Amino acid sequence: MNLRNFLDQSFSNALVAAGAPEGTPGMVRPSAKANFGDYQSNGVMPVAKKLGMNPREFAQKVIERVELDGIVEKLEVAGPGFINITLTSDWVAKQLSDFDSRCGVDTQSSQTIVVDYSAPNVAKEMHVGHLRSTIIGDAVVRVLEFLGHNVVRCNHIGDWGTQFGMLIAHLEELMKENPEILESELSDLEEFYRESKQKYDSDEDFALRARGYVVKLQGGDQWCNDMWRKLVDVTMEQNQKTYDRLNVTLTRENTMGESMYNDMLPAVVSELKEKGLAEESEGATVVFLDEFKNKDGDRMGVIIQKKDGGFLYTTTDIACAKYRHEQLNADRVLYFIDSRQAQHLQQAWTIIRKAKIIPETMSLEHHAFGMMLGNDGRPFKTRTGGVVKLADLLNESQERAAALIEEKSSDLTAEQKQAVIDAVSIGAVKYADLSKNRTTDYIFEWDNMLSFEGNTAPYLQYAYTRVASVFRKAEVSLEDYQADVEIKEAAERTLALKLMQFSEVVDTVAKDGTPHALCTYLYELSGNFMSFYEACPINKEGVEGDVRTSRLALSKLVAQTLKTGLDLLGIKVVDRM
């Protein structure tokens with residue numbers, strides 16, 4: 001149950017019963033301080049102002065009409081017209097006792113949601129610039145599927161364009177020397193791309209041949225298509241190793257590159273012309289948009305076909321949205337693309353809406369993100385100023401994690417130690433990113449992200465092992481433990497209420513594409529558990545049997561929620577550290 005939504009609906013109904021317009025929201029929020037109750041309804045004051053009533057008097061009318069018998073212990077008017085809500089501990093305990101493996105999260109009415117994320121380029125190795133799109137997108141995908149939605153993963157790779165002429169020409173030369181080059185020596189894609197570009201810029205014969213291959217490729221030439229396919233295959237094979245290592249759910253079947261929409265582009269241009277949106281301008285086909293102005297204040301022209309017949313990224317994005325409507329029946333499309341592409345996407349979507357290419361009910365959402373920065377506040381680079389390969393970043397994280405675990409762990413087997421190193425090294429890199437608001441830039445710092453203190457993956461992973469150790473000491477199975485919860489102490493109540501809020505946070509991530517909200521929740525839950533553990537003994541002598549049973553039940557819910565929440569972030573837990 002999403003408790004906040006439940007309370008909000010209850011107060012919405014009460015507001016309407018008290019004289020507010022139909023559909024007035026209850027505006028329920030968790031209280032900022034314990035002395036304000038557990039939740040607070042802020043919906044009274046704006047309605048009272050419109051009705052010309054005293055807010056406190058109107059709030060009292062709402063309290064008299066709200067139907068929460070057996071759920072609420074106390075309702076009181078506070079300040080100019082807030083309503084403080086205190087839940088009964090028995091009702092909260094009953095809800096937690098009924099929790100199953102979903103930690104109180106209900107499935108939703110299923111939508112088809114396309115999530116566009118990762119999107120590396122062919123013949124280039126993934127670098128740190130691909131990290132945010134890949135892991136933020138994947139966390140949201142996991143959450144949406146957990147809620148019961150039909151999720152279509154879309155890896156919109158850069159697999160088309162004029163650069164493939166030079167890449168095919170260079171590959172042809174290498175294959176003359178070694179026909180097995182793709183299976184053996186072409187492991188450094190960056191070097192392959194650099195060599196292709198250098199030859200293109202310095203050798204006119206090579207450049208002429210490369211331009212010819214572009215024309216042949218776009219014209220459907222079988223040999224060129226085979227060479228192009230080889231380049232795509234070797235790139236995605238390397239990328240898949242990175243996805244698997246990152247514990248990201250993308251597979252080769254989720255690849256939907258730019259080339260996929262190639263045959264649709266002429267029809268898109270024709271449709272925009274027929275609808276009077278596109279026109280000829282200096283030989284190119286352009287859509288002029290009143291919604292966007294250039295530096296001179298004139299309406300901006302968006303080119304959808306160049307005068308040489310070539311198409312633009314905007315054309316592809318229009319075709320892409322059309323495909324996702326007509327072939328995938330999407331209700332929502334979420335684009336995890338960096339913030340610098342905002343204007344490009346808005347222009348494409350403005351054209352799509354004007355042309356009525358998709359229905360108004362189909363949501364197009366740009367979930368933009370900032371950049372990963374180094375300690376100098378500039379984009380994260382190597383010491384020599386080069387782009388950091390994602391594989392190199394993960395290798396360094398593993399080396400640092402191994403050294404850290406070696407210092408701390410003495411009673412783990414070699415196999416257990418390796419599992420911890422793998423979980424901590426990948427978890428730390430992902431969590432350092434996911435825990436930051438995606439709309440902002442953030443500074444990547446090794447020491448902070450691998451710390452066992454503060455809002456980090458190792459801290460949360462360690463919190464899970466603390467709960468596991470409680471059950472080992474109690475000599476009962478964490479996975480199989482079943483018991484009802486009773487709430488007697490303040491620390492138990494605080495922990496119980498935080499557990500009840502998991503569903504609210506999951507819904508927020510699904511709605512807003514903000515995994516950092518889940519990270520913050522899990523960090524706060526871990527802190528609440530540590531406070532509970534200190535204030536409420538479990539395995540100590542003198543603790544009564546029924547009290548111990550209930551506290552173990554609460555502890556199991558904490559472990560279950562931590563494990564579920566971290567899994568939604570794509571981060572693994574271990575039983576011992």
Side-chain angles (χ1 to χ4, degrees), residues 1-8 10-11 28-41 63 66 68-76 78 82-100 102-105 460 463-464 466-467 470-471 474 478 481-506 517-518 520-540 542-562 564-565:
M1 173 201 287
N2 185 321
L3 179 56
R4 178 173 165 181
N5 285 354
F6 171 73
L7 293 173
D8 194 85
S10 298
F11 275 88
V28 171
R29 303 285 185 273
S31 294
K33 296 181 179 179
N35 58 319
F36 295 152
D38 302 322
Y39 285 81
Q40 193 172 71
S41 174
I63 287 175
V66 74
L68 290 170
D69 291 346
I71 299 172
V72 167
E73 178 183 297
K74 182 171 63 174
L75 294 172
E76 59 181 359
F82 303 114
I83 300 176
N84 291 343
I85 307 161
T86 302
L87 303 169
T88 68
S89 293
D90 287 347
W91 183 82
V92 172
K94 175 66 169 62
Q95 302 310 303
L96 292 179
S97 297
D98 290 342
F99 270 20
D100 58 16
R102 293 184 56 80
C103 308
V105 178
L460 296 182
Y464 178 84
R466 286 283 296 273
V467 183
V470 168
F471 280 81
L478 171 58
Y481 192 79
Q482 295 291 334
D484 290 338
V485 172
E486 292 184 2
I487 299 172
K488 306 292 185 184
E489 304 293 335
E492 293 172 333
R493 195 173 196 285
T494 299
L495 181 59
L497 284 168
K498 180 59 71 172
L499 286 164
M500 288 284 292
Q501 292 169 358
F502 182 60
S503 182
E504 300 172 21
V505 176
V506 170
L518 178 55
T520 300
Y521 168 83
L522 294 174
Y523 176 57
E524 291 173 351
L525 175 66
S526 298
N528 290 152
F529 173 75
M530 296 304 183
S531 298
F532 155 79
Y533 184 74
E534 290 174 6
C536 302
I538 300 173
N539 289 320
K540 286 185 178 179
V543 177
E544 294 181 10
D546 58 338
V547 173
R548 178 176 179 270
T549 297
S550 171
R551 289 175 181 172
L552 281 171
L554 264 177
S555 299
K556 177 183 177 172
L557 291 173
V558 170
Q560 194 169 276
T561 305
L562 281 173
T564 301

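Note that these values count all heavy atoms, side chains included, but never hydrogens, waters or copies made by symmetry. Predicted model, so just to flag it, every value in this text is computed and none were measured.
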Sidechain-backbone polar pair: Asn84 side chain, Gln40 backbone, donor-acceptor under 3.5 Å | no

Determine, step by step, whether Leu499 and Thr561 satisfy the side chain to side chain contact (heavy atoms under 4.5 Å, CB included) criterion, reporting the C-alpha distance in whole Å, the side-chain angles of both residues, the deciding distance to 0.1 Å, and the verdict.
-> CA-CA 8 Å; Leu499 286 164; Thr561 305; 3.5 Å; yes

State, with a plain yes or no, whether a side-chain heavy atom of Thr494 is found less than 4.5 Å away from one of Asn528.
-> yes

Rounded to the nearest 0.5 Å, how far apart are OG1 of Thr520 and CG of Leu525?
-> 12.5 Å

Got a sec, which residues hit side chain to side chain contact (heavy atoms under 4.5 Å, CB included) with Asn5, two or more places apart in sequence or on another chain?
-> Asn2, Asp507

Check against side chain to side chain contact (heavy atoms under 4.5 Å, CB included), Ile538 and Phe532 = CA-CA 10 Å; Ile538 300 173; Phe532 155 79; 4.1 Å; yes

Taking all heavy atoms of Ser550 and all of Glu486, pick out the closest pair and write down the distance.
-> OG-N, 2.7 Å

Separation between OG (Ser41) and CG (Leu75), nearest 0.5 Å, reads 9.5 Å

With sequence neighbours left out, write down each residue that passes ring-ring contact (aromatic ring centres under 6.0 Å, His included) with Phe502, or none if nothing qualifies.
-> Tyr521

side-chain hydrogen bond (donor to acceptor under 3.5 Å, both in side chains) partners of residues 87-98, not counting sequence neighbours, each pair once = Ser89-Arg493, Lys94-Asp98

Could you give me the CA-CA distance, side-chain angles and deciding distance for Tyr39 and Leu87, then say whether side chain to side chain contact (heavy atoms under 4.5 Å, CB included) is met?
-> CA-CA 8 Å; Tyr39 285 81; Leu87 303 169; 4.3 Å; yes

Backbone N or O of Lys556 within a donor-acceptor pair of the Gln560 side chain at under 3.5 Å?
-> no

Does the side chain of Phe6 reach to within under 4.5 Å of the side chain of Ile71, using non-hydrogen atoms?
-> yes

Can you tell me if Arg4 uses its side chain to pair, donor with acceptor, with the backbone of Val28 under 3.5 Å?
-> yes

Side chain to side chain contact (heavy atoms under 4.5 Å, CB included) against Ala34, all qualifying residues, sequence neighbours excluded | none

Without swapping roles, check the side chain of Glu534 against the backbone of Ser531 for a donor-acceptor pair under 3.5 Å.
-> no

Residues in side chain to side chain contact (heavy atoms under 4.5 Å, CB included) contact with Ala474, at least two apart in sequence or another chain | Val476, Asn539, Arg548, Leu552

Closest contact, heavy atoms only, Val505 versus Ala517 | CG1-O, 3.6 Å

Passes side chain to side chain contact (heavy atoms under 4.5 Å, CB included), Leu557 versus Cys103? Steps please.
-> CA-CA 7 Å; Leu557 291 173; Cys103 308; over 6 Å; no

Residues forming a side chain to side chain contact (heavy atoms under 4.5 Å, CB included) with Ala496, sequence neighbours excluded = Val92, Leu96, Ile487, Leu554

Which heavy-atom pair separates Glu492 from Cys536 by the least distance, and what is that distance?
-> CG-SG, 3.8 Å

Interatomic distance, OG1@Thr86 vs CG@Asp38, rounded to 0.5 Å, equals 5.0 Å

